[in-house]
Amino acid sequence: MPEGLSTRQRAVLAAVCETLLPEIRRDGDPAGFFATGARTAHTAQRVEELIAQLRDPLDLTRLKVLLGALGSPLANFALGGRFAALQQMDDRSREATLRGWAMSGVPQRRAGFQALKRLAHVAYYCWPLDGASHPAWRAAGYPGPLPPPGTAVEPLPALAIDRDTTLECDVVVAGSGAGGGVVAGLLAQAGRSVVVLEKGPNPGSRDMTQVEGDMLGTLYLDGALLMTQSGSLPILAGSCVGGGTVINYTTSFPLPAAVRAEWDARSGLSLFAGPDLEASFGRVNARLGVGTRWTTPGARDAILERGCRALGWHVDVIPRNVTDCREHLECGYCTYGCRHGAKNSTARTYLSDAARCGSRLVARCDVERILVERGRATGVVASVAGPDGVRRTITVRAKVVVAACGAVNTPALLARSRIGGAALGRGLRLHPATAVVGVFPDRVEPWTGGLQTRYSDQLADQTDGYGVKLETAPVHFALPASGFGWESPRQFKEDVSRLGNLSIVGVLLRDRDAGRVAVSRQGRSRVHYELSRFDERHVRAGIRGAAQVLAAAGATELFSLHTPPARARPGAPGWLDRFAADCDARGYRRCRMSYISFHQMGGAALGRDPARSVADETGEVHGVRGLFVADGGAFPTSSGVNPMITIMAIADHVAHAILGAS
Ligand SMILES: Cc1cc2nc3c(=O)[nH]c(=O)nc-3n(C[C@H](O)[C@H](O)[C@H](O)COP(=O)(O)OP(=O)(O)OC[C@H]3O[C@@H](n4cnc5c(N)ncnc54)[C@H](O)[C@@H]3O)c2cc1C
């Protein structure tokens, strides 16, 4: 276990928090938001709690080095001409020092600033400060967590493991998300004995408290603190029973025909454009109830639609995997789980089917390695947190092993098990997403409304099928805390205080060029990824397009997610070119602008050639019989559409292949 912060590092951290979140005197601050700074909010302590949750010791080391540099008079003198430790400087010098990091020409310094800014702002905004509310929430008219519904959705039945245990079964599935859930459900229904091992918890609706900080910490992978190694891209993924399907936005696109053809050509397979996978898509859509019935647009999506129509651009309805989703007031909160059971996650569908058919589920269970004997997978070894918090070892002996830990973790599981050739971890795509923010005269309340109900493909095919999709997303406080650009403490609060009147148009990139998952000596995934020049061009056009849409829908002011944000007031002659030029001047790569990855794909790709792929057409790993991959890792390139349904269709195909072979 790595050590925590030293007294000196703690003092620097407190100085950083109080510099980013000072007590600001402002006329007209009825909620006391500007007046409430990090000191009274105990933000530094909360940041320390977040730091304690960092899973990779290297992340902690990096933070300590960063705090060490900010606390060093010599480093501050060399970098900014001020010979003093940050915590000994006056307020103006502190702010100037942090600004020097934020706008530095050195990417590592910008990344350092962004890491601290993100931690401090998430710590400050994402938990209530005074009982059930927060001055910032009141300033924006954000109600915070809503009262729980009358009827609770129960967690799935799960095994309690209180001693070292060995289980036997036909199929063991590691990971219970989009891919793992489908395989488990189908094989259990076909009469196979199935064990599902899931690293995250097994939440029922009572656990979905809607306190953002707590939900990010419990339902998201690595407490939502996972970043690419250069710090330029946070990676969000679900980590609980049901994986990403519990917290995602329910957007249920089929894989476009052009991408299917591209994947077949690239992988050397005749799978993706063929009738078998088409049948898999059909079965998945039917089981999830995918359709357009529950797609009344909330204010955010109405803005996207209105703007696109005013421009004469493509806009359409998003199919969703929900049932009886009666536009609950809570809809926008579904990114922390749907408490009404309307979202057809794998927990509500395939894993429920599996449970009904007698499959066994173990939550909080980390699969450490796959057992292989004479070229055949024979089970897994995992570590599980017992009811008393003590970790036990669980060994599962199985005829078939399915790796479905998601694109970031499946390569690490295989590598820890000394499985996989040169292609393992290669070809990782992240669909980097950014946004333009629009300020509207009327209230938008971007945390409300159906999660995502409209999209535009106007800019989706800019070069050979690569470009950006325009979509919205529910915005509570975590996204602004993490993603809004920074120019000063006061301006950041001014932007956040208008949250009730903001909407975003998100720019979701279909990235052509790949990163990779490397695996540390301790067996942890480390994601290496940078936006390429090719992909950057499409983001740039996407930002311009998003600004046009917001302006056409009536936004009176816009800003980008750059540090510092590029700003515009639509209407003045030449505003769009000036906005685009300001964005260009700031740049789009390496912590100049905020992105988030919601979609991780590739790294354990299907393909014919073992030198260029990890598994064959059936999902079986090259050279290891009885071991299958069934998650987003299987993609040969990025899908260009939100990937859940494609992952599930591939998992359906893999499940049928397993049934066919046994
Ligand atoms: C906020 C958000 C919104 C999204 N919205 C949409 C959307 O609207 N539409 C869409 O198509 N996609 C959406 N996505 C993406 C989609 O949810 C994912 O692409 C999809 O869930 C990935 O499926 P998967 O099976 O590859 O992995 P996951 O669903 O992530 O499941 C992997 C599971 O494996 C577990 N695991 C990892 N390592 C281990 C281990 N060693 N042992 C045991 N278990 C392990 C994880 O905890 C996790 O539960 C969204 C994602 C996010 C984060």
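Counting starts at 1 for both ligands and their atoms, following the listed order.
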Any heavy atom of L221 closer to ligand 1 than 4.0 angstrom? no
Check each heavy atom of Q452 against ligand 1 and say whether those closer than 4.0 Å belong to the side chain, the backbone, both or neither. side chain
Residue and atom name of the nearest protein heavy atom (relative to atom 53 (C) of ligand 1), distance in Å to one decimal: L236 O, 3.3 Å
Nearest to atom 32 (C) of ligand 1 by heavy atom, S252, A404, G243, A382: which? A404
Using a 4.0 Å heavy-atom threshold (strictly under), name the region of D366 that reaches ligand 1: side chain, backbone, both or neither. both
Is the terminal nitrogen or CZ of R266 (NZ for Lys, CZ for Arg) located under 6.0 angstrom from the six-membered ring centre of F272 and within 45° of that ring's axis? no
min-distance protein heavy atom vs atom 1 (C) of ligand 1 -> F598 CD2, 3.6 Å
Give the contacting part of M644 toward ligand 1: side chain, backbone, both or neither, where contact means a heavy-atom distance below 4.0 Å. both
Within ligand 1, which atoms have a heavy atom of S239 less than 4.0 Å away? 46 (C), 47 (O), 49 (O)
Under 4.0 Å between heavy atoms, the region of A412 that gets near ligand 1 turns out to be neither
Under a 4.0 Å N-O cut-off, is there an ion pair linking R339 with E330? yes
Less than 4.0 angstrom from a charged side-chain N to a carboxylate O is my criterion; do R392 and D162 meet it? no
Contact region, T250 to ligand 1, non-hydrogen atoms below 4.0 Å, reads backbone
Looking at G185, is its backbone amide N or carbonyl O close enough to the side chain of Q189 to form a donor-acceptor pair, meaning the two atoms are under 3.5 Å apart? yes
For Y249, is the NZ or CZ atom of K343 found under 6.0 angstrom from the centre of its six-membered ring and inside 45 degrees of the ring axis? no
Protein heavy-atom partner closest to atom 31 (O) of ligand 1 - residue, atom, separation in Å: G177 CA, 3.3 Å
Give me the residue, atom name and distance of the protein heavy atom closest to atom 21 (O) of ligand 1. G244 CA, 3.4 Å
Geometry only, no angles: is Y249 polar-contacting ligand 1 at N/O separations under 3.5 Å? yes
Sidechain N-carboxylate O distance under 4.0 Å for E471, R454: no
What is the closest protein heavy atom to atom 8 (O) of ligand 1, and at what distance does it sit? T251 N, 2.9 Å
Sub-4.0 Å atoms of ligand 1 with respect to non-hydrogen atoms of L197: 43 (C), 44 (N)
Enumerated ligand 1 atoms positioned under 4.0 Å from heavy atoms of C240: 49 (O)
To which of C405, C334, P643 does the heavy atom nearest atom 12 (N) of ligand 1 belong? P643
Students should be able to answer this: which protein heavy-atom is nearest to atom 23 (O) of ligand 1, and at what distance? A178 CB, 3.3 Å
Do the ring planes of F635 and W263 sit parallel (below 30°), tilted (30 to 60°) or perpendicular (above 60°)? tilted
Y455 ring center within less than 6.0 Å of H314 ring center: yes
Write out the residue and atom name of the closest protein heavy atom to atom 49 (O) of ligand 1, then the distance separating them to 0.1 Å. E198 OE1, 2.8 Å
Give a yes or no on whether the ring-centroid distance for Y333 and H476 is below 6.0 angstrom. yes
Looking at T295 and T453, would you say the former's side chain and the latter's main chain have a donor-acceptor pair under 3.5 Å? no
Could you tell me, atom by atom, which parts of ligand 1 come under 4.0 Å of a heavy atom of Y220? 1 (C)
Any heavy atom of V241 under 4.0 Å from ligand 1? The part involved is neither
So for A630 against ligand 1, with non-hydrogen atoms under 4.0 Å, the contacting part is neither
Checking R300 side chain against L451 main chain: does a donor-acceptor pair fall under 3.5 Å? yes
Atoms of ligand 1 less than 4.0 Å from D631 heavy atoms? 24 (P), 25 (O), 26 (O)
Sub-4.0 Å heavy-atom contact, F253 with ligand 1: no
For ligand 1, does C365 get within less than 4.0 Å through its side chain, its backbone, both, or neither, judged by non-hydrogen atoms? backbone
So that I can tick it off, tell me whether R429 and D535 are bridged by a salt bridge, with the cut-off set at under 4.0 angstrom between side-chain N and carboxylate O. no
Any idea which of G181, G179, G406, A237 brings a heavy atom closest to atom 27 (O) of ligand 1? G406
Show which atoms of ligand 1 fall inside a sub-4.0 Å distance from at least one heavy-atom site of H599. 12 (N), 13 (C), 14 (N), 15 (C)
Tell me the nearest of V641, V182, I645, N248 to atom 16 (C) of ligand 1, using heavy-atom distances. N248
Take L58 and Q229, measure what side-chain contact (heavy atoms from CB on, under 4.5 Å) needs, and give me the verdict at the end. CA-CA 10 Å; L58 183 59; Q229 287 300 296; 3.7 Å; yes
Any donor-acceptor pair under 3.5 Å from H653 side chain to E617 backbone: yes
Do D511 and Y466 have side-chain N/O donor and acceptor atoms under 3.5 Å apart? no
Report the nearest protein non-hydrogen atom to atom 44 (N) of ligand 1: residue, atom name, distance rounded to 0.1 Å. K199 N, 3.1 Å
One finds that the ligand 1 atoms under 4.0 Å from a non-hydrogen atom of N409 are 37 (C), 38 (N)
Min heavy-atom dist I647 to ligand 1 below 4.0 Å: yes
Can you tell me if D170 uses its side chain to pair, donor with acceptor, with the backbone of S193 under 3.5 Å? yes
Distance col, row L430:CG vs M601:CE, nearest 0.5 angstrom, shows 6.5 Å
Between P201, G632, G180, G238, which one has a non-hydrogen atom sitting closest to atom 30 (O) of ligand 1? G238
Look only at the side chain of R416 and the backbone of G523, and say whether a donor-acceptor pair between them is shorter than 3.5 Å. yes
